[in-house]
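Below, all heavy atoms of this structure are taken into account, side chains as well, without hydrogens, waters or symmetry copies. Owing to the predicted nature of the structure, the values given are computational and were not obtained by experimental measurement. A note on names: the letters A, B, ... follow the listed sequences, proteins ahead of strands, and every chain is numbered from 1.
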Amino acid sequence: MITDGISIPFDVSRIRKDFPTLHRQVNGRELVYFDNGATSQKPQLVIDAITEYYTENNANIHRGVHYLSQLATTQYEDARKIIQNYINAPLSEEVLFTKGTTDSINLVASSLGELFSEGDEIIISAMEHHSNIVPWQMLCERKGCTLKVIPINEAGELMMNEFDQLLTPKTKLVSVTHISNTLGTINPIEEIIKKTHDVGGYVLIDGAQSVQHIKVDVQALDCDFFAFSAHKVFGPTGVGVLYGKKEILDQMPPYQGGGDMIAKVTFEKTTYNELPHKFEAGTPNISGGICLGTAISYLSELDLNAIQAHETELAKYAEEKLLQFEGLRIIGTAEHKTSVVSFIVDGVHPFDLGTLLDKQGIAVRTGHHCTQPLMDFYQIPGTVRASFAFYNTKEEIDVFIHAVERSLNMLK
Amino acid sequence: MTLEEKQQEIIDEFAIYDDWMDKYEYIIELGKELPIISDENKTDDKLIEGCQSRVWLNTAVEDGKMSFTADSDAIITKGIIGLLIRVLNDETPKEVATSDLRFIKEIGLHEHLSPTRSNGLASMVKKMKLSAIAAS
């Protein structure tokens, strides 16, 4: 591993050695794992860090005076700083640990939402994951706010002229995905953030599909909130991050009460702890937070530009090969796309194709990908989605294409 | 043929396949052969919404025997439905309600009937049995 801050040349065969799951067999074949949009595989050093935490360092954090408690606290808070550096957050207390992207969005909806009132407007987009739709619907129901939706074009790109029309002085929050989990579209979030700020609204970016693919700098973006999940960035499940600007987080009321989030408790009045603890009630996922730090350290030693180039090449190669099949249509043809290839084939149900690919050792996602409104827009029941990570190879795509061909011959 | 004999017949049919793809090729053929239920019968009350594939189930009792017709938009799901119908049709409500559909597991397709599989099949079997209980 590199310690002098210089990135090592991108070498996929070396990188693959870091991920033990990639070397197992499924249904008698070498696994081809193309479901990275759902979750990524974990490098050995993350797996080892989980074991090491529970073997050597397990203790509760923030309260204990004993050695192990202080060690665990230091590791947990160091992880927060690693994440802070990675997304270039100005302050470590602006990095809140959550259960994941869904939890991060719900935190904002529950807490910031308390400051909203009847007639306030929230804008999302037509390509959002259900987790960036439903919390806002619930808030609108609770507070009498209005939910507006930025439409998309056939290619799966946001219609930005329509967005301009949706923005009003009543816009309190725009919550959009950085990269669509179903289509791979990279949204023009810089423009969205600037225009929303011009009308005095806040912006939350759902970064569940972006931090693992492209460099995110929350200060350069100037977003108010940024949410992502550990398990999609080579870390463990059950932990995630909400970045929020301190001046906004300070105004927001706590949304869960309990230990760690209080300054002083009496039966008459309780005062709340400072950031980030105000939003971190109860014993957190300590090992998860620490090992997310390990995963981010691993990722930051790789060259993100080289990763992006490799992943873009994989997606382009897969699309070219797939389009050779008669009746196959790529869903999501945005000009700016990441390494997600969603497709359907005339007369073939995605579930059938996914089942047959599984029997050939290939893991893809089939279905609506928790974006049912998007499926309604395209009038399809679902897609087959191959989503690539930097450890995937062209050779794997060749195996995948061969398996698709065999499956289609059986199904058509 | 009894329900148990029909199950054994299917198990024997599948015994010749040792490759997953061959097994699925056969299921797909069964799916293609299954008579499609008419569109007027594909009403919402007969729809079992899975997360991924949809299943329509039509139930009737004729001369004291259960009669099922069903359809799905996914061909593999449809093939498995064909097997279920072959085993359960023309059986008494009591036989259907108390049946142990062991053949599914024996031929290695139990994953499709897991409640988490979200293809609507687990709900369909439940609905078949409930309709049999109601008719008995």
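- Atom CG of B/D63 has 12 or fewer neighbouring heavy atoms from other residues, nucleotides or ligands inside a 6.0 Å radius.
- Shown here is A/K412, whose NZ atom has more than 12 heavy atoms of other residues, nucleotides or ligands within 6.0 Å.
- A/D352 places none of its side-chain heavy atoms less than 4.5 Å from the side chain of B/I28.
- Side-chain contact between B/K23 and A/K359 is absent, with no heavy atoms from C-beta onward closer than 4.5 Å.
- When every heavy atom of B/M21 is checked against every heavy atom of A/Q360, the shortest pair comes out as CE-NE2, 3.1 Å.
- Atom NZ of A/K99 has 12 or fewer neighbouring heavy atoms from other residues, nucleotides or ligands inside a 6.0 Å radius.
- Atom CD of A/E141 is surrounded by 12 or fewer heavy atoms from other residues, nucleotides or ligands within 6.0 Å.
- A/M410 CE to B/I75 CD1: the interatomic distance, rounded to the nearest 0.5 Å, is 11.0 Å.
- Looking at A/L411, both its backbone and its side chain come within 4.5 Å of chain B, counting heavy atoms on both sides.
- Atom CH2 in B/W20 sits 9.0 Å away from atom CG in A/D358 (nearest 0.5 Å).
- At most 12 non-hydrogen atoms from other residues, nucleotides or ligands lie less than 6.0 angstrom from CD of A/E326.
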